[in-house]
Each structure stands twice: as C-alpha cells, then as structure tokens.
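Quick note on labels: first sequence line is chain A, next is B, and so on, each numbered from 1.
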Amino acid sequence: MATVQVSEAEKVYILHGIRDDLRADGRGCEDYRHMEIETDVVSNTDGSARVTLGHTAVLVGIKAEIGKPRPLVPNEGYLEFFVDCSANATPEFEGRGGEELGIELSNMLYKVFNKHCLDLRSLCISEGEHCWLLYVDVLLLQCDGNLYDAISVAVKAALFNTKIPRVHISADEDGGKEIELSDDPYDCMRVDVENVPCIVTLCKIGHRHVVDATLQEKACSVASVLVSVTHSGSVTCTRKVGGGSLDPESIFEMIEAGKRVGKSLHAPLMKLLQQEESLGKRRQKVGFLG
Amino acid sequence: MPTDNKRVRGPELSQSPALFACKAAPVAPQQGPRADGRQRDQVDVRPVFVRCGLVSQAKGSAYIEAGDTKLMCCVYGPKETERKDETDMKCGRLTTDMRFAPFSCPERGSWVQGSQDKDFSLMLHESLQPALCLHKYPRSQIDVNVVVLENSGSVLAHAVTCASLALADAGIEMYDLVLGCSIRQDGGSYVADPSYAEETYCSSDGASDQGRLTVAFLPSLNQISGLQSDGEMSAETLTAGVRTCIEGCYKLYPVLQQALIKAVRKAGPPPSES
C-alpha cells in the first residue's frame, strides 16, 4: 500500500479532529469524499467503468469469453478477478512491489462478488460444456486510500454496464452442437446487479471510526474493518485488516455503521447508473483522470 | 506462478472420481444433533488435542488436532531479516506461511501455493501480529509456518490457535495467546467449529443468513485480532456470531494453558530450592 509520512503532531491533529467529528478535509466521520463514476469508457471491453474517489482513481474493464464451466458447478459461469497495481499509482508498486496487494485485493473481490450476489446460472450457455467467463480486470490509476470501496463501486458499475452478446446453440444432425453468435450488436444480455454488494471500509482512529479514510488518516489507524453490504442491508463479507486488534464492542459498532453507510450508498449509485444509461450516446465523455 | 519442473506432476488434467458420483445431495439435517453427535446452536466445539515442542529443529512448534482437522506449526527466529530493503529499524517482522498438504482436502491440491493459501497466510499474519511484542525484536524476522495435514473444517481458526501456541513455545514475547474459533450460520441455527461437510454444505437457494465466520481473539486483553466472514447474513446475526465465537475461544483457553505449562515443565525442571 502506498504510504505517506505523517509526523506525530499531524497525527494528534487528525486524531483530535476525528474525536470532534470534523476531519482534516471538512468531512464528518461517515462521509465519503467526492465520487465520480463514468461507465462505458473503454470501447474494446464488454463493460467498463471508471471511479474516482478523492484522488483515488480506479478503472475496471470486463471482457466476456466463452469457457468451460467448473466441474463442480456445471450449470454456472464464473468471474475471474485480476487487480493490477501498476507503478503508475505509486513507485512502490514497481516490479513485484504491487503483487502482494494485488493478490490481496483480488482475493477479496472473489469473496465479495460470488454466487450470493450474481445469478451465475444466467452465464451458463450449455450445461457442462460452455459458459460465459467474465474477466474483471481492475487497474489502479491513482492511490489515495480506500481502494476497496472504490474498486467495489467500480466493479458494480462495470457489471451494470456489461453487455454479453446473445448466443444460440444449434445442434446438427450428428448431435454435435454449434455456438452461433448473434449478429445484432444490440441483441445482448445484461447482468443483474441488484444484489451486488459494495464494500465499506471503516478505519478505527482513536475511539471512533471513519469511513473513506485518506492515506494520512489511514496512517493514524491501527486497524480497519471491511464490510460488504447489499442494497437490502445484509452483510455478505467482513474482514479485519491491518496490524492492530479491536475491542468486540467497537467491531459491533463498526459493522452497524458499515451497514448503515453501505445501504445508503446503493440507491444513489443505481440511480446514477440508470441515468447515465438512459442518456446513451448523447452523454458527454469525461475520460481518465479528468 | 513458478512451476516445478522437477516433480512428476501427472497428467495436465485429471479429476477427482467424486465428481462422477451420482449426486444424491447429502442434505445436512436442519434439526437434531450433528453428524458427529455434537449439538446445534450451542458452543459445542470439538475437543482439541495440543502438544508443544514436537519438532526438534524449530525454535518452537505445536501440533493441534480437533476431530479430524490436524495441523502443525513451526516457528523459526528471531533471526536476521532476509529482505534488507524493507528492514524496519524499530520493529521486527513477522512472516507467515500457511500451506495445505496436497492430500489434506477431499480434492487433491497442488504443491505450489495457490491464492487461497496466500489468503490464509495473510489472515494468519493479521491475526497474530497484534499479539506479538515485535518492538522487542528490532531488525529481525520471525517465521511462522503452518502445514495443514488433514482438513476437516475450521482450518483457519485452528491454525491461528496452533501458531500462537508455537510462538509461545518459541519464547517469543507476546501480549497474549491468540485463539481462533469459527461458526457456520445456517438459517436460524448455527454450528460451532464446523466440520468440512458442514462448512461446504450448500443449503437450498433463497435461504437467508447463510455464512461462515472466523474470529481470532485475545482472551485476557478482550480484543479481536482477526475477523473474517463470508456468505449473506444480517448485521444482528453477524454480531451474535462473533459473540458465539468469543465464547468458543474461552473454551479452548484452559486446554492451551495446560499444554504450555506441560511443555515448560518438560523443557526444564524447576530449579531446586536449596
């Protein structure tokens, strides 16, 4: 993770501010930074989204390919995640530096975006033989804390934007099956993202916890809790990260706060995505780092 | 991913015969006692067997057995750190490595460490680190290696327990032991310390509150050092689950204390009073 040097005096300043529910950038403890979402940003993908959260910028591209279903679940397609921490975001990621973080992030994505939230059966083409395989590639363009939340929102937006072409299976006289791709570019299948959760990261700083911590705030925190919440408020995944330990009571409070914040995140996000979708080609494109 | 060319790896693609079995889905009963006779909705953890100091070459080691879940842990160090570039002058470094023996699960695993093993290693690291006085070991490294010999559920929880025991056996200064406990939530009821079948069992679709939860707990400080859950649960169920896990951890505590006392006694008889 990208790190910043924070002096003792700065730490005390941040801590005291958070104690009084006022953070260095003027936010309250449960406020997000300004978030920008744009979908359909890369033309070569089947679905893509760009999310900026403060100075954190994430780009997600989804490619759909036809593969063989896993033997254990022959009637379901699946998702593959890869997070690339390129040296663009911070020089610490150069070479193999970002690999560990990349694995950590992609493992978390596997856990969060699983069969509980997506209808994987709709990705099946013919049982046991062919299924859709969604490659979700996440690119970190800029790092300024709170990667998990930004990535989860970006993945949800990209899944919403994903258009999988329809295929028809025709059997010839020998019983062999042939896959036929629809010619019409508008004849496509969408992924139902209704139940897809968002991750909320809560950082314990002092006696309180904050949502969407910046790098400076992260440096003051001993441990954080990730909570992934669906639109109905059920928790699909939790995880403690960081080197410290937490009091059971504060964990309960953080789960409760995560649920509250996550639940309120979904409605505006879906509204925005639908609004952008309805604009169609008339929408003005902003592009990366814009 | 580094591949190991020296080992004969068998055919590229092979599948477990279990996949071809006719699928008479083993429906775990929703009510009544569990397959191994334990009770549902109670903190009925499997009795554990623990021993310290079994590996002679390691600084500290521990072996734990809970039902059919068997794993061992070795601790090496503190020694000079290998990665000079990341040397922290003030603090020691903890490295954790958790591996599954290829034959430990019903499906054969691979020798190279998969992403699941790495994930477990990371969680082990996060659970153990708060308990260690790493500031007492500047510029040095402590290695924790866990090998899962047999996986019969709740592996991560027992790995945490076993690793903290091995660290204590190695004489590494710690604030507290770390205990792990996990539960499987299945609708309105839960099972503590689930077996492999109970852990992987998928209940019918649409049922709410399906999930797994693992907690690592420092009993005398009353702190949670590790928390990991997946599945879909309401916040209330999750909170109740964490409380259950804490209770489960307290049940293990005296067993570990006894094992440590035994190991210390064996290592050196008390000096005579004369």
Side-chain angles (χ1 to χ4, degrees), chain A residues 68 70-74 81 92 97 99-104 106-108 110-112 114-117 119 121 128 195 197 222-230 232-260 262-263, chain B residues 13 15-16 18-20 85-86 91 94 107 115-116 118-123 125-132 134 175-176 178 200 202 205 208-218 221-243 245-246:
Chain A
K68 208 171 162 24
R70 297 206 161 114
L72 268 179
V73 273
F81 292 95
E92 283 160 60
E99 203 172 356
E100 228 164 81
L101 178 68
I103 291 172
E104 189 186 332
S106 53
N107 272 334
M108 187 67 192
Y110 276 113
K111 265 192 212 131
V112 171
N114 55 13
K115 66 166 183 273
H116 291 284
C117 66
D119 182 21
R121 283 192 197 142
N195 235 346
V222 282
S224 27
V225 173
L226 304 179
V227 187
S228 85
V229 190
T230 61
S232 60
S234 59
V235 179
T236 58
C237 191
T238 57
R239 171 99 184 253
K240 188 223 88 172
V241 290
S245 59
L246 295 164
D247 194 45
E249 285 309 318
S250 67
I251 286 202
F252 300 150
E253 276 170 33
M254 284 158 99
I255 291 174
E256 201 51 51
K259 180 187 150 188
R260 195 168 55 234
K263 220 173 146 178
Chain B
L13 266 174
Q15 281 164 357
S16 157
L19 285 175
F20 299 96
D85 51 329
E86 281 182 29
C91 227
L94 172 73
E107 285 89 36
S115 73
Q116 195 206 12
K118 283 197 180 130
D119 202 33
F120 274 129
S121 306
L122 188 71
M123 277 187 280
H125 186 271
E126 277 165 359
S127 308
L128 293 174
Q129 200 180 356
L132 293 172
L134 281 175
Y175 296 110
D176 200 351
V178 194
T200 50
C202 270
D205 290 324
S208 62
D209 281 353
Q210 293 288 328
R212 288 180 292 263
L213 169 71
T214 303
V215 170
F217 185 65
L218 310 170
L221 296 174
N222 189 34
Q223 291 271 308
I224 289 177
S225 67
L227 171 77
Q228 200 255 316
S229 82
D230 50 33
E232 195 165 346
M233 289 185 273
S234 69
E236 291 75 35
T237 321
L238 194 62
T239 314
V242 174
R243 283 189 216 280
C245 284
I246 291 174

ask   = So which of P197(A), S106(A), G258(A), S234(A) has the biggest tally of heavy-atom pairs under 4.5 Å with chain B?
value = S234(A)

task = Could you tell me the separation between the CD atom of E256(A) and the CG atom of L238(B), rounded to the nearest 0.5 Å?
result = 10.0 Å

key: Side chain, backbone, both or neither of L221(B) within contact of chain A (heavy atoms, under 4.5 Å)   = neither

key: Atom pair OG1/CG of T200(B) and L72(A) - distance to nearest 0.5 Å   = 10.0 Å

remark   = In terms of heavy-atom pairs under 4.5 Å with chain A, the winner among Q228(B), H125(B), Q116(B) is Q228(B)

Proximal component of D247(A), with respect to chain B [non-hydrogen, under 4.5 Å] = both

request  = May I ask you to name which of V222(A), V227(A), L226(A), T236(A) has the most heavy-atom pairs under 4.5 Å with chain B?
outcome  = T236(A)

key: Interatomic spacing from NZ in K240(A) to OG in S229(B) - rounded to 0.5 Å   = 14.5 Å

query = Looking only at heavy atoms, what is the nearest atom pair of R239(A) and L122(B), with distance?
reply = NH2-CD2, 3.4 Å

query = What option among G242(A), A223(A), C117(A) has the most heavy-atom pairs under 4.5 Å with chain B?
reply = G242(A)

S250(A) OG to I224(B) CD1 distance, which is reported to the nearest 0.5 Å = 8.0 Å

inquiry  = Quick check on I103(A) against chain B: is it the side chain, the backbone, both or neither that has a heavy atom closer than 4.5 Å?
reply    = side chain

message = Tell me the closest heavy-atom pair linking K259(A) and A235(B), and the distance in Å.
response = CD-CB, 3.5 Å

ask   = If you count heavy-atom pairs under 4.5 Å with chain A, which of Q223(B), Q129(B), E107(B) comes out on top?
value = Q223(B)

task = May I ask you to name which of T238(A), T230(A), V225(A) has the most heavy-atom pairs under 4.5 Å with chain B?
result = T238(A)

query = To the nearest 0.5 Å, how far apart are CE in M123(B) and CG in N107(A)?
reply = 8.0 Å

request  = Would you please test S245(A) and L218(B) for side-chain contact (heavy atoms from CB on, under 4.5 Å) and show each step?
outcome  = CA-CA 9 Å; S245(A) 59; L218(B) 310 170; 4.0 Å; yes

request  = Measure V229(A) against the heavy atoms of chain B and call it side chain, backbone, both or neither at under 4.5 Å.
outcome  = neither

